[in-house]
Amino acid sequence: MSSRVTEVRVGNFIKLPKDNVDNIYCITNIEYTMKGRGSSSYDLHLRIVAGNDVGKSNVRKRLSASDKVDILFVEERNYEYLYSYDDLIVFMCIDPVEQIDLRSSIIGDRVVFLEPGMNVAVLFCESIPISIKLPTKLVVDIEEAEPVIKGQTASASSKVAIIKNGIKIMVPQFIKAGDKVIISTTDLSYISRA
């Protein structure tokens, strides 16, 4: 469906009609620029999810407000993560029984949250698997945490903690190594104790 650039949002999957290649892009960020008496422009930060250079994530396209893009319909199907090998990640659907392989570059940095048996939504566009959608909340173990600083109870302060695969998150002062916490997968923020 052809739409104006002003109608796209972060997370949309699009095709660019003026593009010489047949890539499918995911919008990761949008910057709006208004010039004095000139026209406005939109800087789209994109990640290529299908086509040439799959996984390339530093693609920037500058479009004017009147330019058109094709917003693509995305279908979600439930799959179970099985395992990974080399650069491939294997998912399986129970109904119908189907197994697919996705390159880790398509999934990006969210691959570290995958655990065997985890249910995820695989996103399909034009029958091509293009990305995954993780659960919004995950329970994780704190592997390392800075020690509690005495006297820090008067203000709501936080400290750095490390979860699996070396990911750093900010947690309240009372969290210690070995605790289980619930985090948001969208921005890696602490939600609560598990």
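Remember, predicted model here, so these are calculated numbers, not experimental data.
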Engineer: Can you tell if the side chain of Met170 reaches within under 4.5 Å of the side chain of Val160, non-hydrogen atoms only?
Structural biologist: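 Yes, close enough: below the 4.5 Å cut-off.
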Engineer: Return the minimal non-hydrogen interatomic distance between Lys68 and Pro17, and the atom names on each side.
Structural biologist: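 That would be O-CD, 3.4 Å.
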Engineer: Once the angle between the rings of Phe91 and Tyr79 is folded into 0 to 90°, is it parallel (under 30°), tilted (30 to 60°) or perpendicular (over 60°)?
Structural biologist: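 Phe91 vs Tyr79 ring planes: perpendicular.
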Engineer: Knowing that exactly one of Val49, Leu46, Ile130 qualifies, which makes a side-chain contact (heavy atoms from CB on, under 4.5 Å) with Tyr25?
Structural biologist: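 Looking at Val49, Leu46, Ile130, the match for Tyr25 under the side-chain contact (heavy atoms from CB on, under 4.5 Å) is Leu46.
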Engineer: Is the closest side-chain heavy-atom distance between Tyr85 and Asp101 below 4.5 Å?
Structural biologist: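 Tyr85 reaches Asp101 side chain to side chain.
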Engineer: Just by modelled atom types, is the Ser189 backbone N or O under 3.5 Å from a matching donor or acceptor in the Asp187 side chain?
Structural biologist: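 Here the side-chain-to-backbone pair exists.
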Engineer: Should Asn23 and Leu16 be marked as a side chain to side chain contact (heavy atoms under 4.5 Å, CB included) after you check the CA-CA gap, both sets of side-chain angles, and the distance that decides it?
Structural biologist: CA-CA 8 Å; Asn23 286 337; Leu16 301 173; over 6 Å; no
Engineer: Are more than 12 heavy atoms from other residues, nucleotides or ligands located less than 6.0 Å from atom CD of Glu75?
Structural biologist: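 Enclosed.
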Engineer: Measure the shortest side-chain to side-chain distance between Val181 and Ile142 over non-hydrogen atoms and say whether it is less than 4.5 angstrom.
Structural biologist: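 Yes, side chains in contact.
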Engineer: Looking at every heavy atom in both Gln99 and Tyr83, which two are closest together, and how far apart are they?
Structural biologist: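 That closest heavy-atom pairing would be NE2-OH, 3.9 Å.
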Engineer: Do you know which two heavy atoms are closest between Ile182 and Arg193, and how far apart they sit?
Structural biologist: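 The pair with the smallest heavy-atom distance is CD1-O, 4.0 Å.
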Engineer: Measure the shortest side-chain to side-chain distance between Phe113 and Ile163 over non-hydrogen atoms and say whether it is less than 4.5 angstrom.
Structural biologist: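 Contact flag for Phe113/Ile163 side chains = yes.
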Engineer: From Arg103 CZ over to Ile89 CD1, what is the distance, rounded to the nearest 0.5 angstrom?
Structural biologist: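 With rounding to 0.5 Å, CZ (Arg103) is 11.5 Å from CD1 (Ile89).
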Engineer: Do any N or O atoms from the side chain of Thr28 and from the backbone of His45 form a donor-acceptor pair under 3.5 angstrom?
Structural biologist: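 Looks like yes, one N/O pair under 3.5 Å.
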Engineer: Quick one: pull up CG in Leu44 and SG in Cys26 and give me the separation to the nearest 0.5 Å.
Structural biologist: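 So the gap between those two atoms works out to 11.5 Å.
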Engineer: Please give me the minimum heavy-atom distance between Ile175 and Ala145, naming the atom from each residue.
Structural biologist: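 Minimum heavy-atom separation between Ile175 and Ala145: O-CB, 4.0 Å.
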Engineer: Spell out, yes or no, whether Phe13 and Ile128 are grouped together once hydrophobic residues are joined by side-chain heavy atoms under 4.5 Å, including indirect joins.
Structural biologist: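 Yes; tracing contacts between hydrophobic side chains, which count when under 4.5 Å, links both residues.
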Engineer: So do the side chains of Phe73 and Cys125 get within less than 4.5 Å of each other, counting heavy atoms only?
Structural biologist: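 No - every pair of side-chain heavy atoms lies 4.5 Å or more apart.
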Engineer: Within the 4.5 Å heavy-atom criterion, are Phe124 and Ile100 side-chain neighbours or not?
Structural biologist: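 Yes; the side chains approach each other to less than 4.5 Å.
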Engineer: Report the C-alpha separation of Leu114 and Val120 in whole Å, then their side-chain angles, then the decisive distance to 0.1 Å, and conclude whether the side chain to side chain contact (heavy atoms under 4.5 Å, CB included) test is met.
Structural biologist: CA-CA 9 Å; Leu114 293 175; Val120 298; 4.0 Å; yes
Engineer: State the CG-CD1 distance between Asn12 and Ile30, to the nearest 0.5 angstrom.
Structural biologist: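 Spacing of CG (Asn12) from CD1 (Ile30) equals 7.5 Å.
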Engineer: Answer with yes or no whether the hydrophobic clustering places Val171 together with Val112; edges join I, L, V, M, F, W, Y residues whose side-chain heavy atoms lie under 4.5 Å apart.
Structural biologist: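 Val171 and Val112: one cluster.
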Engineer: Output the distance between atom CD1 (Ile27) and atom CZ (Arg47), rounded to the nearest 0.5 Å.
Structural biologist: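 One finds 11.5 Å between CD1 of Ile27 and CZ of Arg47.
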Engineer: Minimum heavy-atom separation for Met118 to Pro135, with atom names?
Structural biologist: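 Looking at all heavy atoms of both residues, the closest pair is SD-CD, 4.4 Å.
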Engineer: So how far is it from Asp70 CG to Lys15 NZ, rounded to the nearest 0.5 Å?
Structural biologist: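 Going from CG on Asp70 over to NZ on Lys15, the span is 7.5 Å.
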Engineer: According to a hydrophobic-cluster definition based on side-chain heavy atoms being under 4.5 Å apart (Ile, Leu, Val, Met, Phe, Trp, Tyr only), do Ile167 and Ile162 belong together?
Structural biologist: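 Hydrophobic grouping puts Ile167 apart from Ile162.
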Engineer: Might you point out which heavy atoms bring Ile191 and Ser184 nearest each other, and give the distance in Å?
Structural biologist: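 Residues Ile191 and Ser184, closest heavy atoms: CD1-N, 3.7 Å.
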Engineer: Run through Lys61, Arg62, Arg60 and flag the one making a salt bridge (Lys or Arg N to Asp or Glu O under 4.0 Å) with Glu31.
Structural biologist: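 Single salt bridge (Lys or Arg N to Asp or Glu O under 4.0 Å) partner of Glu31 among Lys61, Arg62, Arg60: Arg60.
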Engineer: Answer with yes or no whether the hydrophobic clustering places Val10 together with Tyr32; edges join I, L, V, M, F, W, Y residues whose side-chain heavy atoms lie under 4.5 Å apart.
Structural biologist: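 Yes; Tyr32 is reachable from Val10 via cluster members.
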Engineer: Once rounded to the nearest 0.5 Å, what's the spacing between atom CZ of Arg9 and atom CD1 of Ile71?
Structural biologist: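 Between Arg9 CZ and Ile71 CD1, I get 8.5 Å after rounding to 0.5 Å.
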Engineer: Please check if Leu102 and Leu82 belong to a single hydrophobic cluster, counting links between Ile, Leu, Val, Met, Phe, Trp and Tyr side chain heavy atoms closer than 4.5 Å.
Structural biologist: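 They do not share one cluster, since no chain of ILVMFWY contacts under 4.5 Å joins Leu102 to Leu82.
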Engineer: More than 12 heavy atoms of other residues, nucleotides or ligands under 6.0 Å from NZ of Lys159: yes or no?
Structural biologist: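 Enclosed.
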